[in-house]
Amino acid sequence: MNSIITYFKGLFIGIKSLLFGMSVTWKELWTKKVTQQYPENRKTLVISDRFRCELTMPHDINNEHACTACGICQMNCPNGTINVLSAMIETEDGKKKKILDTYTWDMGMCTFCNLCVITCPSDAISFNNQFENAVFTRSKLVQTLNHKGSKLREKKKEVKPQSVPVVEDKLTSSKEQMIEPLVETKISTPSDKSIKNPKDNTTEN
Amino acid sequence: MLQPLELTNLLSWLDTTLRDSMPVFWVLLIEFVLVAVALLAAYAILAIILIYAERKITAFFQARFGPNRVGIYGILQSIADVIKILLKEIIRINNVDRFLFFAAPFFMIVASMLTFGAIPFGKMLHAIDFNIGVLYVTAVSSLGIIGVLLAGWSSNNKYSMIGAMRSGAQFVSYELSAGFALMTIVVLTGTMSFSEMIAKQEFCWNIFNGHISSIIAFVIYLISGHAETNRGPFDLPEAESELTAGYHTEYSGLQFGFFYLAEYLNMFIIASIATTVFLGGWMPIQIPGLDGFNQVMWYIPSYAWFFGKTGVLIFLSLWVRWSFPRLRIDQLLNLEWKYLLPINLVNILIMVILVLAGLTLTDLFPVLAP
Amino acid sequence: MAEQIIFYILAALIAVFSVLAVTSKQIIRSATYLLFVLLGTAGLYLLLGYHYLFAVQIAVYAGGVMVLFIFAILLTNRPGENVKAERKDRRIAAGITSVAGLAFCGHIIYWNVNKAYTLLVPAEQKVQDIGLKLMGTEKYQYLLPFEFISVLLLACIVGAIMIARKR
């Protein structure tokens with residue numbers, strides 16, 4: 001007798017749960033479709049800020065960048081994607097100085113791990129949101145990041161941003177060097193940058 | 001009743017003009033050929049439409065858009081697929097039993113074709129009206145499983161073999177329930193012929209006529225029919241994660257296309273038999289006494305009614321397919337032998353009692369009788 | 001005319017596939033040829049207008065028995081292997097037996113064909129009539145044999161359970 005009760009109980013519970021499952025899929029049928037219709041929606045497409053697409057070296061209006069050709073990014077790159085070629089020049093006051101000659105980056109080998117950006121002491125490189133990177137030949141994937149005729153931005157020692165001392169104690173030793181070359185253009189957004197970077201440092205290093 | 005969009009006038013005009021102009025033998029020959037061409041064309045076109053509909057509905061169940069690049073809303077997608085499959089190479093495989101390997105897809109397609117021919121699509125759109133239509137359909141559709149078994153064996157591949165064995169066990173079990181569910185309705189209507197069944201459902205569909213018993217039979221038929229087509233939660237014979245593609249792993253090109261075509265058409269055939277037996281076939285919805293309403297319903301041609309009802313059932317089958325996870329083989333056989341079959345046997349008894357005691361709707365309300 | 005052509009085609013198919021079914025070296029092919037023979041027989045019934053018998057032939061033999069045959073063959077050890085030829089004396093004995101069977105059946109058919117023409121009605125058998133004949137208790141009705149067959153089936157089921165239990 002008991003087994004008969006369990007038989008029918010199981011039957012009706014089964015039917016009930018099946019109907020519940022069908023009601024769930026019925027609701028799903030009418031939900032908004034999540035597919036991104038890519039080429040059509042280029043204008044409205046939203047790419048997350050944190051999405052890493054293409055390594056760039058931001059240049060300011062005077063065609064100046066912040067790269068000191070220290071080569072830390074090259075050393076930190078796990079795939080050997082970055083190649084920093086430096087040149088020695090002599091400044092007016094007779095000092096020898098290393099400057100950036102060409103900064104090449106091979107997108108075909110990059111894993112977009114972001115280590116180069118994190119470790120860069122002068123914040124000279126960053127990933128942008130330009131995700132349409134398809135090209136026809138592999139050689140086109142190798143890009144030179146510094147513009148033609150660009151040069152290193154002069155440092156201005158007297159300008160010390162307000163937020164820097166606050167940040168300083170949080171920073172790791174490698175990051176401390178970065179404060180000095182900071183310049184006016186960077187000062188406009190020091191707070192979010194300097195907060196984001198130490199975070200990345202502590203988690204990923 | 002005025003029926004402006006029916007094909008009856010066209011067909012009888014064609015018949016009389018042919019008969020006026022040539023001897024009977026040639027008339028019959030031409031008509032046979034015409035019927036065969038019409039059926040083959042309908043078979044192919046329905047498969048194309050079904051593949052498109054399934055992909056689209058599936059996508060909607062998964063919050064996607066589905067095919068939408070080839071043609072507007074992707075309507076040409078399945079035509080493109082058909083062209084692709086026609087152009088693909090049929091790969092010759094070493095160490096297979098070649099005769100059986102090539103014969104197997106034909107079993108599948110012939111079985112579903114034979115069943116397809118006996119379905120009443122509309123008024124006068126009925127290629128052959130056996131007086132044992134229901135029995136014929138169940139008998140002939142059971143031939144397809146031989147194709148599956150032979151395909152599995154002759155492929156010389158363990159995945160195919162396991163898939164074929166599973167398919168065989170599944171099909172033989174579920175055919176039993178499907179047959180019993182149809183027999184329940186045969187008890188109710190007292191006839192096995194599709195045309196008589198439809199005529200009896202003019203005002204009261206069988207699913208309402210036998211109320212409780214009919215509804216149980218309807219549900220059981222849908223479940224077991226769904227299992228017979230090897231789709232949805234019952235797709236163990238081709239479980240991708242375990243058996244790559246089951247019994248048609250080794251097939252390519254048009255041979256695979258045959259299996260694919262037969263699968264989709266079997267879905268349609270199951271839905272259309274359920275329509276004819278339970279939901280009144282091509283008969284429009286009619287209410288006794290309301291002549292104006294009935295006339296309006298007749299303006300919609302009978303084949304539209306048939307395809308509409310069938311479409312609803314196909315949608316139901318897709319809904320089930322994308323709702324439930326795949327069963328294990330023991331669960332599958334449990335469902336059949338411990339639940340569907342006993343319920344079915346009791347259900348037939350209930351139906352017999354209903355008919356003998358005069359408790360069907362047409363007995364209780366004689367106005368519903370045709 | 002057309003019926004005769006179809007009959008000869010069907011008869012030729014049945015004859016050819018019967019021979020092939022016996023002579024084929026591979027057991028699964030034999031089963032397939034046997035299936036074609038059964039389908040051809042179903043075709044003959046269709047030609048005669050016995051739709052019920054046609055459907056039953058396909059459902060029971062082609063759809064039921066043959067599927068079980070193929071299943072059983074697939075479950076045996078090596079279904080793909082060629083069957084060895086029998087010993088010569090056995091072959092002769094089998095030949096004599098089949099000739100004797102042919103003579104016996106031929107005799108019966110030959111002497112009863114005339115009767116069949118007078119007894120058989122060309123009209124189609126209704127399913128209801130067949131059902132009543134099978135389940136009736138009067139003269140020319142077959143309830144008793146029907147029940148005997150069901151007892152036979154029951155015995156088979158019991159036997160199958162016994163064999164399966166022994167493990």
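Here is the naming used below: chain letters follow the sequence lines, and residue numbers restart at 1 for every chain.
C:Tyr61 does not touch chain B: none of its heavy atoms, backbone or side chain, sits under 4.5 Å away. When heavy atoms are compared at a cutoff of 4.5 Å, C:Leu46 approaches chain B solely by way of its side chain, counted from C-beta outward. With a 4.5 angstrom heavy-atom cutoff, C:Leu35 touches chain B only via side-chain atoms. Interface remark: C:Phe69 contributes no atoms to any contact with chain B (heavy atom separation under 4.5 Å).
Applying the side chain to side chain donor-acceptor pair (under 3.5 Å) definition to pairs two or more places apart or across chains, those involving residues 100-116 of chain B are B:Tyr43-B:Ser112. Evaluation of the ring pair (Phe, Tyr, Trp, His ring centres under 6.0 Å) test over residues 154-184 of chain B, restricted to residues two or more places apart or in two chains, returns B:Tyr174-B:Phe234.
When all heavy atoms of B:Ala139 and C:Ala55 are compared, the closest pair comes out as CB-O, 3.3 Å. In terms of heavy-atom proximity, B:Met165 sits nearest to C:Phe71 at O-CZ, 3.4 Å. Taking all atoms of both residues into account, the shortest heavy-atom contact from B:Ser142 to C:Ile58 is OG-O, 4.4 Å.
Considering only residues two or more places apart in sequence or on other chains, C:Phe7 meets the ring-ring contact (aromatic ring centres under 6.0 Å, His included) condition with none of them.
Around CH2 of B:Trp337, the count of heavy atoms belonging to other residues, nucleotides or ligands within 6.0 Å exceeds 12. The number of heavy-atom neighbours closer than 6.0 Å to CZ of B:Phe102, taken from other residues, nucleotides and ligands shown, is above 12. Counted within 6.0 Å of CZ on C:Phe36, heavy atoms from surrounding residues, nucleotides or ligands total more than 12; the atom is thus considered enclosed.
Between the OH atom in C:Tyr52 and the CG atom in B:Asn131 there is a gap of 11.5 Å [rounded to 0.5 Å]. Going from atom CG of B:Leu150 over to atom CZ of C:Arg29 covers 11.0 Å, rounded to the nearest 0.5 Å. Note that CZ of B:Phe99 and OG1 of C:Thr32 are 6.5 Å apart. Values are rounded to the nearest 0.5 Å.
Ring planes of C:His51 and B:Phe130: perpendicular class, angle over 60° (limits at 30 and 60°).
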Are B:Leu143 and C:Leu39 close enough, and set up right, to give a side chain to side chain contact (heavy atoms under 4.5 Å, CB included), and what steps lead you there?
CA-CA 10 Å; B:Leu143 280 178; C:Leu39 288 179; 4.0 Å; yes

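In this structure the side chain of C:Val56 reaches within 4.5 angstrom of the side chain of B:Leu135, judged on heavy atoms.
Along residues 190-198 of chain B, the residues that come nearer than 4.5 angstrom to chain C, judged on non-hydrogen atoms, are B:Gly190, B:Met192 in order of number.
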